[in-house]
Amino acid sequence: MDHPVPRRPVPMTTRPRRAIVREPGFDTLPADQLTAAALHRASRLGARYADVRLRRVRTLRERVRDARPEGSQVGVESGAGVRVLVDGTWGFAAGPDLSVGGLAELAARACDLARMLRPLRRDPVRLAPEPVGAPATWESPCEVDPFEVPAGDRVALLAGWCEALRAGGLDLAEAYLQVFRESTVYRDSAGRSVRQRRTWLHPMAVGFRIDSAGGGFDSMRTLGPPVARGWEYLRGTGWDWAAELARMPRDLAAKRAAPPVEPGVYDLVIDPTNLWLTIHETVGHATELDRMLGREAAFAGRSFVTPEDVGTLRYGSPAMTVIADRTTPYGLATVGYDDEGVAARSWPLIAEGVLVGVQHDRQTAGVAGLDRSTGCAYAESYRHLPVQRMPNVSLCAVPGGPDTAELIGRVRDGLYVVGDNSFSVDMERVNFQFTAQRFYRIRDGRLDGQVRDAAYTGATLEFWRSLEAVGGPQTWLLSGASQCGKAQPMQLAAAGHGCPAALFRQVRVTSTRMEVTR
């Protein structure tokens, strides 16, 4: 089968290579003195527990349209956040003054705030216990520092992508690049001490065909996922950009000429370029303990899952095994330690279809009476309190399992779903609808052209229980969301999702076509 999605899947086990990445002005801070000043002041003012984060966040954004630069933005934000527990109540203060006096003042403000909030507290904060290890250092893989690549070279590469799409006959092309880097020093009153740095990026190209007569347009974008890598990713390490750009004009032309889908019930073979988002919304967010406990409801609400469901709920078919992992190579949520100093690890969420685990930080684990956090605390910047955020949540492939062509070969009447697009999900993570970049018709085990204006819908448990088979490691791809919103005030975080191609039986498909009447 001529695979409609050109890619080089990232292996599940690799040995990442690293270059030396430096942050001038941050790496040379007297971090020990600064954090000690905050912890000492917090202790003197009655804090039972305190932690300090020094953080620098660097961002880079480039936009090119039709090979011409449209915009470039570089940002740097540095500061400190101090969190304290006084009389069982949290206090938090943050600011950009990275001096000994500035850190001590933040600790004093945090303690004052905790005492001010004490009358509003329902129950005292209880943190799950966590062992204290030796001071640690961690850094994500980055062979070529994207912040050191000259601006002209960045623009030239994106412009080349636009030119490749225009050469294929498209009317308009745009290319984007977002790069993020976090450098963090963490220390707490229990003795945990961590320095870590991670870099991740998300490149994208979009091509358009414009209907001059009717005024409408169709578009298609690259499916290369965001990853925790350096500039080498844009040069083809981990994804074959040239191959995808070469075939996008043909794929878009076929989509424009495709007939609308006939609504009905179909067997679906879902490519990992699409399935990762379904995992994110129906498994990742649904197994966050703060949502399960009703302590979080921002951005699509709570969860239908309850703490009592762990160990008993039949979430999906026996083909469904899902792992939560903070250590996946190149994963967007991969770290050495979370923002409470908890070491990264992996653990099962769903084993052969049964819910066996959830995600939490030290506070939500303490509320639930659990022995230890899974290391899922994260703050977007020094200005934010850490909240529980998603790890890399991945559907496991089957060793020796089928390739995508074999899964398609098992389908008599169905659709092959490629590339994430829009979605909706209800406030309990039960009912959903997902569209895609492309839907291919499957007839008698073979692809038979594209159809358009389609979406698959369902209920979470019904959908995952209809999972008949997952592909082998050769179909597995690591993708994810580079900016997922949660909490109030909103914080953005990145979460990775790996999955193989997968076969689902008898899924409802609807039409998204809007008929215009006059």
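This one's a predicted model, so the numbers in the text were calculated from it and none came from an experiment.
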Q: So if I apply the salt bridge (charged side-chain N to carboxylate O under 4.0 Å, His left out) rule between D251 and each of R256, R209, R438, which one comes out positive?
A: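 It is R438; the other options fail the test.
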Q: Aromatic rings F463 and F504: how do their planes relate, parallel, tilted or perpendicular, breaks at 30° and 60°?
A: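 Ring orientation of F463 relative to F504: parallel.
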Q: Would you sort out whether D448 and R443 count as a salt bridge (charged side-chain N to carboxylate O under 4.0 Å, His left out), showing the intermediate values?
A: CA-CA 6 Å; D448 188 24; R443 301 182 194 274; 2.9 Å; yes
Q: Decide ring-ring contact (aromatic ring centres under 6.0 Å, His included) for Y233 and W241; before the verdict, give the C-alpha distance in whole Å, the side-chain angles of both, and the deciding distance to 0.1 Å.
A: CA-CA 9 Å; Y233 182 55; W241 297 98; 5.5 Å; yes
Q: Are V149 and F147 packed together at the side-chain level, in the sense that at least one heavy-atom pair is separated by less than 4.5 angstrom?
A: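 When only atoms from C-beta onward are counted, F147 and V149 do not touch, as no gap falls below 4.5 Å.
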Q: When you check the gap from the basic side-chain N to the acidic O, do R452 and D218 get nearer than 4.0 Å?
A: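 Result for this pair is yes, salt bridge flagged.
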Q: Does the ring center of W464 lie less than 6.0 Å from the ring center of Y315?
A: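 So the answer is no for these two rings.
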Q: Show me, pair by pair, the donor-acceptor contacts under 3.5 angstrom made by side chains of residues 485-495, not counting sequence neighbours?
A:
unit_1: K486; atom_1: NZ; unit_2: E288; atom_2: OE2; d: 3.4
unit_1: K486; atom_1: NZ; unit_2: D290; atom_2: OD1; d: 3.2
unit_1: K486; atom_1: NZ; unit_2: D290; atom_2: OD2; d: 2.8
unit_1: K486; atom_1: NZ; unit_2: Q388; atom_2: O; d: 2.7
unit_1: Q491; atom_1: OE1; unit_2: E380; atom_2: N; d: 2.8
unit_1: Q491; atom_1: NE2; unit_2: L385; atom_2: O; d: 2.9

Q: Would R53 pass as a cation-pi partner of Y186, given that its NZ or CZ must be under 6.0 Å from the six-membered ring centre and within 45 degrees of the axis?
A: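 R53 over Y186 ring: no.
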Q: Is it the case that over 12 heavy atoms from other parts of the model lie below 6.0 angstrom from the CZ atom of R372?
A: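 For R372, atom CZ is crowded (more than 12 foreign heavy atoms under 6.0 Å).
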Q: What are the two closest non-hydrogen atoms of A205 and L165, and how far apart are they?
A: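 Between these two residues, the closest heavy atoms are CB-CD1, 4.1 Å.
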Q: Going through the distances and angles, do V367 and R295 end up as a side-chain contact (heavy atoms from CB on, under 4.5 Å)?
A: CA-CA 10 Å; V367 170; R295 299 171 66 92; 3.6 Å; yes
Q: So S381 and E77, do their side chains get closer than 4.5 Å, heavy atoms only?
A: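 Heavy-atom side-chain distance check passes, below 4.5 Å.
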Q: Can you list the steps and then say if Y176 with E174 is a side-chain hydrogen bond (donor to acceptor under 3.5 Å, both in side chains)?
A: CA-CA 7 Å; Y176 309 86; E174 297 180 339; 2.2 Å; yes
Q: Would you sort out whether Y416 and D271 count as a side-chain hydrogen bond (donor to acceptor under 3.5 Å, both in side chains), showing the intermediate values?
A: CA-CA 7 Å; Y416 175 45; D271 193 82; 2.6 Å; yes
Q: Evaluate the side-chain proximity of L370 to H360: yes if any heavy-atom separation is below 4.5 Å, no if none is.
A: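 Yes. Closest side-chain heavy atoms under 4.5 Å.
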Q: Can you measure from CG (L332) to CG (L201) and round to the nearest 0.5 angstrom?
A: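 These two atoms lie 9.0 Å from each other.
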Q: Any chance you could lay out the side-chain hydrogen bond (donor to acceptor under 3.5 Å, both in side chains) test for S346 and T327, step after step, and finish with the verdict?
A: CA-CA 7 Å; S346 63; T327 68; 5.0 Å; no
Q: Yes or no on side-chain contact (heavy atoms from CB on, under 4.5 Å) for L477 and C499, after CA distance, side-chain angles and deciding distance?
A: CA-CA 6 Å; L477 178 71; C499 56; over 6 Å; no
Q: Does atom CZ (F299) have a neighbourhood of more than 12 heavy atoms from anything else shown, all under 6.0 Å?
A: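 Yes.
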Q: Charged N to carboxylate O below 4.0 Å: is that the case for R362 and E340?
A: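 Looking at R362 and E340, the cut-off is not met.
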Q: With under 30° as parallel and over 60° as perpendicular, where do the rings of Y456 and F432 fit, or are they tilted in between?
A: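 Answer is perpendicular, since the angle exceeds 60°.
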Q: Is a donor from one side chain sitting under 3.5 angstrom from an acceptor on the other, for D267 and Q506?
A: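 Checked: D267/Q506 side chains pair up, N/O donor to acceptor below 3.5 Å.
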Q: Nearest 0.5 Å, what's the CG-OG1 distance between D325 and T334?
A: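 OG1 of T334 is found 6.5 Å from CG of D325.
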Q: For atom CZ of R508, decide whether the heavy atoms of other residues, nucleotides or ligands shown that lie under 6.0 angstrom number more than 12.
A: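 No, the 6.0 Å shell around CZ holds no more than 12 heavy atoms from other groups.
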Q: Check the orientation of H497 and H280. Use parallel for under 30°, tilted for 30 to 60°, and perpendicular for over 60°.
A: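 The arrangement is perpendicular - the two ring planes meet at more than 60°.
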Q: Side chains of T374 and Q359: any donor to acceptor distance under 3.5 Å?
A: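 Judged by distance alone, the side chains do not pair up.
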Q: Please determine whether side-chain hydrogen bond (donor to acceptor under 3.5 Å, both in side chains) holds for the pair Q433 and T457, giving the CA-CA distance in whole Å, both sets of side-chain angles, and the decisive distance to 0.1 Å.
A: CA-CA 4 Å; Q433 174 175 294; T457 70; 5.8 Å; no
Q: Rounded to the nearest 0.5 Å, what's the gap from CD on Q196 to OH on Y337? Could you check?
A: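 Here the rounded value is 9.0 Å.
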Q: Listing request: all salt bridge (Lys or Arg N to Asp or Glu O under 4.0 Å) pairs with a residue in residues 453-470, at least two apart in sequence or in separate chains.
A: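 Qualifying pairs: D453-R513, E468-R505.
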